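Please read all numbers here as calculations on a predicted model, not as lab measurements. Each ligand, and each atom within it, is numbered from 1 in the order the structure gives.
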Amino acid sequence: MALAPPYDRPHPTRPMKPLILIVEDEPGIADTLQYALRTDGFEPAWVPSAAAALAAVAQREPALVILDVGLPDLNGFELFKQLRARIDVPVVFLTARGDEIDRVVGLELGADDYIAKPFSPRELVARVRNVLRRSARPAAPTAAATATAAAFEVDDGKRQIRFYGNALELSRYEFGLLRALVRRPGHVYTRDALLQLVWDDATESLDRTVDAHVKTVRAKLKAVAPMLEPIRTHRGVGYALAEDLPQRLPAG
Ligand code: CA
């Protein structure tokens with residue numbers, strides 16, 4: 001059975017449909033999803049493995065990725081990290097039924113939504129619409145997003161972050177840490193979630209690694225804005241980016 005259709009098949013008659021990449025190793029589920037999405041005006045593309053997903057996004061950037069947690073070649077969370085390191089695409093996880101751990105880990109890592117199997121195709125399409133609506137509206141963001149957008153600029157290509165226009169000199173892990181926080185202002189990341197999201201070397205996986213890097217990132221932010229505390233500690237939980245940063249760097 002041919003699992004994946006040609007990914008870059010042109011759609012000359014319907015070029016404006018949002019491309020939804022489905023990463024799912026079960027053909028039955030993928031078929032159902034593709035049918036529901038196509039019926040609802042999306043352009044679905046299906047890949048059955050993490051490797052194929054990475055190849056696909058390199059070819060054409062999707063509007064959204066539906067990502068099965070249980071993939072044959074790579075854990076869905078690991079693939080999520082690799083995808084997010086490449087493109088800033090919204091992700092909806094498909095998790096096994098009743099798997100609370102998967103649900104929590106997915107959301108902590110910064111997934112935009114999740115849905116448990118078995119799901120109703122109609123509900124999934126509604127979720128996809130919601131996530132796309134949320135992520136495609138930079139013109140009408142929350143106050144938090146406005147302030148954060150004004151304070152931070154992330155350049156993934158150069159792996160650089162500017163804070164009030166000042167380029168920060170960040171190490172690899174400092175960059176990953178701050179990038180995760182900036183992406184979701186107000187979202188409290190546990191240390192464990194940050195370790196999973198940012199650190200890929202298991203030998204460095206100690207909670208205090210996160211704390212140590214938060215400390216150095218804070219010092220670098222403080223050098224730009226001495227009176228601000230952009231990274232908030234949530235005692236006993238983890239860290240979040242402040243939602244109330246001023247749009248402009250305060251004088252003095
Ligand atoms: Ca699976």
Side-chain angles (χ1 to χ4, degrees), residues 1-9 17-40 42-132 134-135 180 189-190 192-200 202 205:
M1 182 188 309
L3 283 180
Y7 186 81
D8 57 347
R9 185 175 38 149
K17 296 191 173 187
L19 177 66
I20 311 294
L21 180 63
I22 302 162
V23 191
E24 165 62 72
D25 58 312
E26 290 172 58
I29 293 176
D31 277 351
T32 306
L33 281 177
Q34 289 192 94
Y35 179 78
L37 287 164
R38 200 173 285 125
T39 304
D40 222 65
F42 295 99
E43 180 190 340
W46 169 35
V47 290
S49 69
L54 291 170
V57 299
Q59 236 179 72
R60 185 176 158 200
E61 200 170 309
L64 183 142
V65 178
I66 297 173
L67 180 46
D68 178 31
V69 171
L71 292 169
D73 54 343
L74 195 64
N75 176 288
F77 297 129
E78 187 56 42
L79 175 60
F80 174 81
K81 286 157 62 175
Q82 297 196 19
L83 282 174
R84 277 286 168 81
R86 289 167 172 77
I87 53 172
D88 195 13
V89 65
V91 172
V92 175
F93 273 116
L94 295 179
T95 68
R97 178 174 45 167
D99 197 332
E100 185 72 7
I101 300 291
D102 276 1
R103 186 179 75 77
V104 170
V105 169
L107 292 177
E108 280 189 347
L109 286 177
D112 296 272
D113 206 346
Y114 74 93
I115 191 161
K117 296 176 184 176
F119 51 84
S120 109
R122 187 182 290 270
E123 188 193 353
L124 183 117
V125 171
R127 300 282 188 93
V128 165
R129 277 207 183 287
N130 275 337
V131 169
L132 284 174
R134 284 206 306 266
S135 61
Y189 287 91
T190 62
D192 196 47
L194 288 168
L195 278 172
Q196 291 197 50
L197 196 56
V198 180
W199 273 261
D200 43 25
S205 289

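Residues forming a side-chain contact (heavy atoms from CB on, under 4.5 Å) with A55 (at least two apart in sequence, or on another chain): none. Applying the side-chain contact (heavy atoms from CB on, under 4.5 Å) rule to T190 yields the partners E108, D192, A193, V237; only residues at least two apart in sequence or on another chain are considered.
The two atoms that bring V91 and R84 nearest to each other are N-NH2, 3.9 Å, heavy atoms only. Taking every heavy atom of both residues into account, L19 and A45 meet most closely at CD1-CB, 3.9 Å.
The salt bridge (charged side-chain N to carboxylate O under 4.0 Å, His left out) contacts involving residues 48-59 comprise nothing, where partners must be two or more places apart or lie in separate chains.
Without hydrogens or angle criteria, Y189 side chain to A180 main chain gives a donor-acceptor distance under 3.5 Å.
Around the Ca ion (ligand 1), the protein atoms of type N, O or S that sit closer than 3.0 Å are D25 OD1, D68 OD2, G70 O.
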